[in-house]
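To keep things clear, I will list the structure first and then write my remarks on it.
Remember, predicted model here, so these are calculated numbers, not experimental data. Residue numbers start from 1 in every chain, and the chains themselves are labelled A, B, ... in the order their sequence lines are given, proteins ahead of strands.
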2 protein chains.
Amino acid sequence: MEREEVEQRVLDAAEELFYSQGIHAVGMDAIRSASAVSLKRLYQTFPSKDGLVEAYLRRRDARWLRELALYADAHDSPAQRILAVFDWLFRWFNEPDFRGCGFINSFGELGATSQTVADIAKAHKQSFRQYIADLVAAAEAPTWLADQLFLLAEGAMTTAAISGSAEPARQAKDAARTLLRAAHADTGSPA
Amino acid sequence: MEREEVEQRVLDAAEELFYSQGIHAVGMDAIRSASAVSLKRLYQTFPSKDGLVEAYLRRRDARWLRELALYADAHDSPAQRILAVFDWLFRWFNEPDFRGCGFINSFGELGATSQTVADIAKAHKQSFRQYIADLVAAAEAPTWLADQLFLLAEGAMTTAAISGSAEPARQAKDAARTLLRAAHADTGSPA
DNA sequence: ACCGTGAGAGAACGACGATTCCCGAGATGA
DNA sequence: TCATCTCGGGAATCGTCGTTCTCTCACGGT
């Protein structure tokens, strides 16, 4: 089995388990079983659990943003792309294994004890905020609108996780639409 | 030392440590040292760590909401009280030991493995949402506004925690003002 | 003063988890 | 064929943590 394949299998197993059960609840042995990779190979590929956690978060970060952009960028106007972000959240919240934002969860679990995890979570959120800021700029709306939309999205994620409902995505979308209109009115742009 | 005092000292120590470092990062021994209560007394008062965690969350839940209401209810008009919620968040985010919402953090850490923790977090958020809903009702604004304001507040909490800045409270307040105005415009009430 | 109760300090216990080590099996090359 | 190398399986190691136990001692009632 090639190094590359081992890496993928381990990361797949780690992501599935870390995300659904939390990081400290998952032992290396569980990852070994789930990936069907021997402990020796596992440690050859990822020399420590910390390193594996970091790799899990980095890969998830990249994929999450890629999939969001793939969905939202397919829409025509900048305003539609902004609202599509919330549609994407709604789909995500409805996935059967949805358990909240992996970065918010990891931050809650390890942010206080691991600077690395805290930094990755922070960078992930900055990337997401930047993506929204780019959409907002394309819509010729003021920058502060991006901050507001970002907060709505973050609030929807935690609320969907804790309440176990996907509704927050719709509520956030409604609020986003209102804020978008208000921002356009402020700057005198068309609705 | 009275039972009551032991309970308070243990809970004070537990809250300080659990909140700042996370729950699984804090051992019973650390709580023993911080509270200066012997292990025996500690286990007499709280028969298990799980029970102590639960007591910590319940006490924090009650106090958090009490302090928020104390601050917000001191304002004159319903709309002012709504905006005051975000001022209160701003003050909270600026406290030197602020580390995000203890319930969101606990949920991220233990929600997947402890139904009790998940339930307490859910109940806490419901109480907070209900508090906002009452303010919204007093302001004669539609119920859905409460959901939107709640999402802003939640997003501000997680963002303040992860970014390490109190700014999200201001951004959320600005958005709240906009939403409030828009809601009043919708229902034809005065701004 | 004497006994019983309950307290504190901290060792002890049992489980678990991260990481390393060992052993036997199969593959490879001379 | 035999020496060597690698790998998987899983036992061994080492530390941590929740929880319990032991030992000693101070104190209140008689």
Side-chain angles (χ1 to χ4, degrees), chain A residues 1-57 105-106 108-117 120, chain B residues 1-57 105-106 108-117 120:
Chain A
M1 193 163 28
E2 299 302 327
R3 180 179 238 82
E4 183 69 18
E5 193 197 339
V6 168
E7 205 171 302
Q8 292 310 310
R9 287 168 64 151
V10 170
L11 282 175
D12 288 347
E15 179 156 6
E16 156 91 26
L17 292 170
F18 284 156
Y19 177 68
S20 69
Q21 302 177 29
I23 290 171
H24 100 263
V26 173
M28 293 299 269
D29 214 62
I31 292 169
R32 182 198 97 156
S33 310
S35 64
V37 162
S38 76
L39 265 193
K40 182 178 288 187
R41 282 283 230 174
L42 208 173
Y43 274 95
Q44 274 173 0
T45 315
F46 298 97
S48 74
K49 186 179 179 180
D50 284 356
L52 176 56
V53 168
E54 190 177 327
Y56 145 61
L57 290 172
N105 290 346
S106 303
E109 184 174 357
L110 299 172
T113 51
S114 162
Q115 191 59 49
T116 304
V117 169
I120 294 176
Chain B
M1 198 164 20
E2 299 301 329
R3 174 177 216 80
E4 183 70 19
E5 193 198 338
V6 169
E7 206 171 303
Q8 292 309 311
R9 287 169 64 150
V10 170
L11 281 174
D12 287 347
E15 179 155 6
E16 155 91 27
L17 292 169
F18 285 156
Y19 176 69
S20 67
Q21 303 177 30
I23 290 170
H24 99 262
V26 173
M28 293 298 268
D29 215 60
I31 292 168
R32 179 198 96 157
S33 310
S35 64
V37 162
S38 74
L39 267 192
K40 183 177 286 186
R41 282 279 233 171
L42 208 173
Y43 274 95
Q44 274 174 0
T45 316
F46 298 98
S48 73
K49 186 179 179 181
D50 283 357
L52 176 56
V53 168
E54 189 176 328
Y56 146 61
L57 290 173
N105 290 347
S106 303
E109 185 173 355
L110 299 172
T113 51
S114 161
Q115 191 59 47
T116 305
V117 168
I120 294 176

Distances under 3.5 Å between protein N/O atoms and the N/O atoms of nucleotides 14-20 of chain D, please, pair by pair.
unit_1, atom_1, unit_2, atom_2, d
D/dG18, OP1, B/Lys49, NZ, 2.5
D/dG18, OP2, B/Met28, N, 2.8
D/dT19, OP2, B/Tyr43, OH, 3.1
D/dT19, OP2, B/Lys49, N, 2.9

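- The stretch residues 20-30 of chain A participates, sequence neighbours left out, in these side chain to side chain donor-acceptor pair (under 3.5 Å) pairs: A/His24-A/Glu109, A/His24-B/His24.
- From A/Leu57, atom CG reaches atom CD of A/Glu15 across 9.0 Å, with rounding to the nearest 0.5 Å.
- Here D/dG9 presents its P atom at 12 Å from CG of A/Leu42, a figure rounded to the nearest Å.
- To the nearest 0.5 angstrom, B/Ile31 atom CD1 is 5.0 Å from B/Leu52 atom CG.
- For the pair A/Thr116 and A/Glu54, the tightest heavy-atom approach, listed with the atom from each and the gap, is CG2-OE1, 3.5 Å.
- Closest approach of A/Lys49 and A/Ile23 over heavy atoms only: NZ-O, 3.2 Å.
- A straight line from CZ of B/Arg32 to P of C/dG10 spans 6 Å, rounded to a whole angstrom.
- Distances shorter than 4.0 Å separate some side-chain N or O of B/Gln44 from OP1 or OP2 on C/dA7.
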